[in-house]
Amino acid sequence: MSQTYEPREIEQRWQSKWDEERTFRTPNPGDDDFDPSRPKFYVLDMFPYPSGAGLHVGHPIGYIGSDVVARRARMQGRNVLHPMGFDAFGLPAEQYAIETGVHPGEFTRDNIDTYRRQLQMLGLSYDWDRELSTCDPKYYRWTQWIFTRLFDRGLAYQAEVPVWWCEALKTVLANEEVINGRSERGDHPCERKMLKQWMLKITAYADRLIDDLDGVDWPESVKTMQREWIGRSEGAEVDFRLELDGADPLTVFTTRPDTLHGATFMVLAPEHPMVPELVTDDQRGEVEGYVQAAQVKSDLERTDLAKSKTGVFTGAYALNPLLDAEDPAARVPIWVADYVLMGYGTGAIMAVPGHDERDHEFASAYDIPIRQVVAPSGCEESSDACFTGDGVAINSGELDGLETAEAKAAAIQALSDRGTGRPKVTYRLRDWLFSRQRYWGEPFPVVHTADGAVHRVPDEALPVELPEVDDYAPAADGSAPLARATDWLNAQAPDGTDAQRDTDTMPGWAGSCWYYLRFMDPHNDVAPFDAEAQKYWGNVDLYVGGVEHAVLHLLYSRFWHKVLYDEGIVTTPEPFQKLFNQGMLTAFAYKDSTGRLVPTDQVDVTDDVGVKRETGETLEQVIAKMSKSLRNVVNPDEVIEEYGCDTFRLYEMFMGPLSDSKPWNPRDVPGCRRFLDRVWRLFVVEDGADPIKPALLQDGDGGSQTEELERHLNRAIKRIDDSFGPFNFNTGIAALMSFVNEATKAPDALTRSQAQRFVLALSPFAPHIAEELWARLGEGESVSRAAWPVVDERYLVDEEYELVVQIRGKVRGKAMVPKGADNAALEESAREAVGELLDGQEVVKVIVVPERLVNFVVK
RNA sequence: GGGGGAGUGGCGGAAUCGGUAGACGCAUCGGCCUUAAAAGCCGAAGUCCGCAAGGACGUCCGGGUUCGAGUCCCGGCUCCCCUACCA
C-alpha cells in the first residue's frame, strides 16, 4: 500500500467519520454529557442567504476563520457553540418562482442542499444537529411569536405612510433597500406612494441603541455607522405663525435655535401638507407645477444630479416668533424647495443663509437677504460668507454676546416662555417599515375584523402557515399574492367573529433578527428556546461576517434583542459581544490601454504579466471585485478538487490578515499544498510500508538538534497563539512553515512529542491531515478534542544573541554575545566587531540597548 | 461634501516598545538528483555602481523630532470601502 498524501481520500474519510460520530455535537445544559465546569464560547457566522449560484471562494473566508477559532477553543477545553443555518425567506427565490413557476420553497431547499454540501466539503466544525432554516414553519412559528410580543407592547402598528413602491417588484421596500431611487435587489426604479403598512417602532429604542454600543467590542467604524444611521440630533421645534387667518402655525425643527434672528426665509418640502393651503392664488400655478415635477423626480435627480438648488416662492409669509410682529425683519417669505425632505424633522425649515451652507446656496441663487447672527469667537467682523461653526451671537437682540451653546439654551427658553417652541430631539432613524406585498415571507399572525380592529393570533394557533397558491406574482394593482388564497384568508377572531387574515408578509430581515437565539435550543416546540439554555449560552462571544451588515441586520437584531430583554426572556442587553468583519476577497483583473477591464478568460498570464489573447496587447494588472461579468469568480469546489480542502483552508488563512481585503491569486495556492506535502513527508515515508515513521511512535529525547527544534516549535506555537488576537493567522502559519523547514533539514531529530504538538497546532487550519497524522501516531481520540499545546517559555529565550553594531545609526557590524552581558561588555564586543572603522574617529556618545544594539555616535 | 481604512521587492504579505526593513509563501535564477523531464532536495535574490572586497540609495511625496523613523509630529498625493442636501 502506497503511503502518499492523498487529500481527497483522507478528507472524505474524516468528514464521514465526524459526521457519523457526531464529533462536533455540542451538548446543552441538561444533556447527559454536558460538562458545566467548562467555560462557554459561542462563535457564530452570519448565516448565508442560499442563492442559486452557490458559494464562491470569497464566501467561506470568514467561515474558515471562525472555524479556526472554534476548533482551538474546543481544544482549550471550552464548550463551544458553533452552528450554521440558512436565511431562507426573501426576494430572489420569489422572483425565480414568478419566472419559472417553481415553488420558492422547493428552489430554496435545493439551494440549501448545495450550500450545505459546499460547507461540509470545507471541513467546518459545525454542530449540524442545530441547523435551521428561517422558512421552516417550526422556525417561523417563533418569529411570529416574537412579533406578537412586539404587537402586545405597541411596538408593531399599521399606518398610512409614504413608502418606496417598486413597480417592477410590485412591492414596497424599506428606505435601506432603495439606493438612489432604485431597488437594491434587481436595480429597478422606485417611487413614493402613500400606503397602509406595518411599522415597528424601532425609534422608541433609538437612545438605547446608541448608548449600549459603548458596552460591546465592535469595530469603531461599525459603531460609528450605527450612531450616524440613528442620527440623534438635539435642537428645538419652533412654531411660526402664518399671516393667514385661522391657519395652524408652521412648525420647523432646527438644531440652531440660536440663529433664529438670521432666518430670512422658510422652506417646505414639496410634499408638505400645508403647501396647498398657504400658497397664494398668484403663485399657485407655479407651485403646483414644481410640486408635481418633484414627485416624479427620483431621489437621484433630487440629490446627486441637482448640483444647484431649485424652489419657488409660495407667496405666503410667516412671522418670526422671537421678533415683534411690527418689525419688518419678522416677516419671512415661505418657499417650496426639494432640498427639504418630508421624511426628516417636520418637513419644513427656517432657513438661515448666514450659517447654513444649503440655505446660503439657495439664498444666493434667489437673491434672498443674508443676515449674520453669529460671529466666530474673537472676531467681531461679519461677512457675507457662510459661517457654520460655533461663535458668539450678534444682531440677535437679547441673545447678543452669548456663546453658541448658551444662546441655544436661551433661545429655547425664550420660545418656551412664549409658548412658541420647545426642546426637541430628532432622529434620522425612521420606524421600520415591516411589511411586504409578497408571498415568500412570514405571514403576519393577526386577523382583521369587519369593525377595523386588529387581533393578534393566540400563541397556541401559531404558526400561521403560508398557504399554497398557484401564482406567486403580486397582482397588477399591487395587492399581495396571499389575497388570492381565499380559503386561507377567512379566519376567526379570538371571540369567534369572522375575520380576515393579513395578506402581507414580513421582510427578509425578520428571520435573521433572532436566529442566534434559536441555535441555543433549535428543536424546542414549546418555546422559542429554553430559558436555561439561553442563560448558559448568554450572548454571542464572537460574531463574524461582512461589513455590509454594519447597519441593517445588526441594528434590527439589536432592536429585537432589547425587546426580548424587556420581556425578560433574554438575560443580556446586547446580542453580539464581539464583532469581527472579514475583509473582502478580490481577484486580479486586467485593464487594456483604454482603461477597460478585460474579462479574465480572454487574458493569458505568464510571469505575472497579462496579455490579451486576441490582440497580444500587454495589460495592466489591477485588483477588482469577483464578478460574473469579469469572469474572475473562483469556485471552491474546483480548488478543493485539485488541491484538497486543507490546502484551500490554509491558503485562505495564509493570504493575509483576516480583516484585510486581498486578492485571490491562483498561482499562490500550490505553495500551501507544497507545505502540506512537506508536513506529510516529515511524518511518513511515502514509498515505505509503515503508516508513520517508526521513530515517531516512541518517546525519544534526541540531541542538540532536537533542542534547537524545540526552540523553533515553541516559537511557532507562540506565534500561532498570538495570531488569535488580531486574526492574522498568516503569521502563525508562516511560523509553522519555518518549523517544517527546520525539521526537514534534521529529520532524525524530530521527537514524538514534538511531532504531536506540531500536529495539534496545525489542526485548526488543516484539520483533516491533522486527524490522519494524529491517528497514525497511534492516538485513538479525535485531534479536535485533544489538548491545545502549551508554550514552554524557557525555549523562547536564547542564551546567545546577535548584537547589532551601528556607527551613526548605520549597521557596520554584528557580534554574538551572551544574554545578560552588562553594558560595558556589550560596548567592548561592539568595538571588536567594528574594528578599525572607529580608528581616528571621535566617539561622542555610545548608545547601548541590551538585547538589541550598540550605536557609536561619532563626529 | 462627510466618515473609515490603506500605500513596504516582480506579486501576496512580515517587522511587540522608535532599534538589523523585506520573515513566510509565490514567481525567477543556479546547483544536486535524473538518460531526460517533472517532482523533490540545497542555495541565490530590494535597487543601482563594482570583477571583487565594498559602497550608495531604499517602506507614496515633502519637511520635522531623534544617536537611530516603515513606526512619532506637520503638510501634501494616490487608491479602496461606506455614506451622502438630516435642517
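Chain identifiers are assigned alphabetically (A, B, ...) following the order of the sequence lines, protein sequences preceding nucleic acid strands; residue numbering begins at 1 within each chain. Everything quoted here is computed from the prediction, not taken from an experiment. Keep in mind that the numbers below use all heavy atoms, side chains included, and drop hydrogens, waters and symmetry copies.
For the P atoms, the distance linking B:C79 with B:G63 amounts to 23 Å, nearest Å. Comparing the C1' positions of B:G30 and B:G19 gives a spacing of 35 Å, expressed to the nearest Å. When the C1' atom is used for both B:G9 and B:G3, the distance is 33 Å, rounded to whole Å. Comparing the P positions of B:A53 and B:G46 gives a spacing of 14 Å, expressed to the nearest Å. Separating the P atom of B:C17 from that of B:G4 is a span of 23 Å, rounded to the nearest Å. B:A45 and B:C29 are spaced 8 Å apart, taking the C1' atom of each and rounding to whole Å. Taking atom P on both B:G58 and B:C80, the two are 29 Å apart, rounded to the nearest angstrom. Atom name C1', nucleotides B:A23 and B:U8: the rounded distance is 13 Å, in whole Å.
Counting to the nearest Å, the P atom of B:C81 and the CD atom of A:Glu220 are 23 Å from each other. Rounded to an integer number of Å, the gap from A:Asn665 CG to B:C11 P is 12 Å. Atom P of nucleotide B:C17 and atom CD1 of A:Ile847 are separated by 21 Å, given to the nearest angstrom. Atom CZ in A:Phe265 sits about 11 Å away from atom C1' in B:A87, given to the nearest Å. For A:Met655 and B:G13, the CE to P distance is 8 Å, given to the nearest whole Å. Between A:Phe856 atom CZ and B:G68 atom C1' there is a gap of 15 Å when expressed in whole angstrom units. We find that CG of A:Asp338 is positioned 15 Å from C1' of B:A87, with the value rounded to whole Å. Remark: P of B:G5 and NZ of A:Lys662 are 17 Å apart, rounded to the nearest angstrom.
When distances run from any side-chain atom of A:Asn728 to the nucleotides B:A15, B:A87, B:A84, the shortest one goes to B:A15. Candidate nucleotides B:G25, B:A15, B:A87 were compared by shortest atom distance to the side chain of A:Asp668, and B:G25 ranks first. Here the nucleotide nearest the side chain of A:Arg428, chosen from B:A87, B:A84, B:G13, is B:A84. Comparing B:A84, B:A87, B:G19 by their closest approach to the side chain of A:Val849 singles out B:G19. In this structure, of B:C67, B:G4, B:C11, it is B:C11 that holds the atom nearest to the side chain of A:Phe588. Listed candidates were B:G13, B:A87, B:G12. Nearest to the side chain of A:Leu341 is B:A87. Comparing B:C82, B:G19, B:A27 by their nearest atom to the side chain of A:Arg667 picks out B:A27.
For A:Lys223, the side chain to side chain contact (heavy atoms under 4.5 Å, CB included) partners are A:Leu213, A:Val216, A:Trp218, A:Glu220, A:Arg227, not counting sequence neighbours. Partners of A:Phe387 according to the side chain to side chain contact (heavy atoms under 4.5 Å, CB included) rule, which considers only residues two or more places apart in sequence or in another chain, are A:His355, A:Val374, A:Pro376.
If you check every strand for non-hydrogen atoms under 4.0 Å, A:Ser659 touches nothing. Note on A:Pro670: nothing from the nucleic acid sits closer than 4.0 angstrom, heavy atoms only. Across all strands shown, A:Arg812 has heavy atoms under 4.0 Å from sugar-phosphate atoms exclusively, and none from any base.
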Under 3.5 Å, which N/O atoms of the protein pair with N/O atoms of nucleotides 39-42 of chain B?
unit_1	atom_1	unit_2	atom_2	d
B:G40	O3'	A:Arg681	NH2	3.1
B:C41	OP1	A:Arg678	NH1	2.5
B:C41	OP1	A:Arg681	NH2	3.3

Protein and nucleotides 20-23 of chain B: nitrogen or oxygen contacts under 3.5 angstrom:
unit_1	atom_1	unit_2	atom_2	d
B:U20	O2	A:Lys814	NZ	2.9
B:U20	N3	A:Glu802	OE1	2.8
B:U20	O4	A:Glu802	OE1	2.9

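Annotation: salt bridge (charged side-chain N to carboxylate O under 4.0 Å, His left out) contacts involving residues 845-854 of chain A, sequence neighbours excluded, comprise A:Lys819-A:Glu851. Among residue pairs with one or both ends in residues 730-744 of chain A, those qualifying as side chain to side chain donor-acceptor pair (under 3.5 Å) are A:Arg678-A:Asn741; sequence neighbours excluded.
When both distances must be under 3.5 Å, the Watson-Crick or G-U wobble mate of B:A84 does not exist. Using Watson-Crick or G-U wobble geometry with both donor-acceptor distances under 3.5 Å, B:U65 finds no partner in any strand shown. Figure legend. B:U35 is base-paired to no nucleotide; pairs are counted as Watson-Crick or G-U wobble with both atom distances under 3.5 Å. Pair assignment for B:C26 gives B:G10, based on Watson-Crick or G-U wobble hydrogen-bonding distances that are each under 3.5 Å. Within the shown strands, nothing qualifies as a pairing partner of B:C17 under the Watson-Crick or G-U definition with both distances less than 3.5 Å. Pairing of B:A56, defined by two Watson-Crick or G-U wobble distances under 3.5 Å, is identified with B:U47.
Classified by its glycosidic torsion, B:C77 falls in the anti category, the angle being over 90° from 0. Annotated as syn: B:G9, whose glycosidic dihedral is within 90° of 0.
Using a 4.5 Å cut-off on side-chain heavy atoms (C-beta onward), A:Leu709 and A:Leu750 make contact.
Between A:Asp722 and A:Val669, the residue whose closest nucleotide on RNA chain B is further toward the 5' end is A:Asp722. Between A:Thr224 and A:Ala348, the one whose closest nucleotide on RNA chain B sits nearer the 5' end is A:Thr224.
Contact annotation: A:Lys810 does not reach the phosphate of B:G19 (side-chain N/O to OP1 or OP2, under 4.0 Å).
Judged by distance alone, the side chains of A:Glu6 and A:Thr4 do bring a donor and an acceptor atom under 3.5 Å apart. A:Asp239 and A:Thr420 share no side-chain donor-acceptor pair at under 3.5 Å. No donor-acceptor contact under 3.5 angstrom links the side chains of A:Asn728 and A:Ser723, judged on distance only.
Residues A:Asp677 and A:Arg673 are paired through a salt bridge, judged by an N-O separation under 4.0 Å between the basic side chain and the carboxylate. Ion pair A:Asp258/A:Arg256 flagged as a salt bridge, since at least one NZ, NE, NH1 or NH2 atom sits closer than 4.0 Å to an Asp/Glu carboxylate oxygen.
A cation-pi contact, defined as under 6.0 Å to the ring centre and within 45° of the axis, links A:Lys309 to A:Tyr339.
The environment of A:Lys662 atom NZ is dense: over 12 non-hydrogen atoms of other residues, nucleotides or ligands sit within 6.0 angstrom.
Not one N or O on the side chain of A:Gln806 forms a donor-acceptor pair closer than 3.5 Å with the backbone of A:Phe856.
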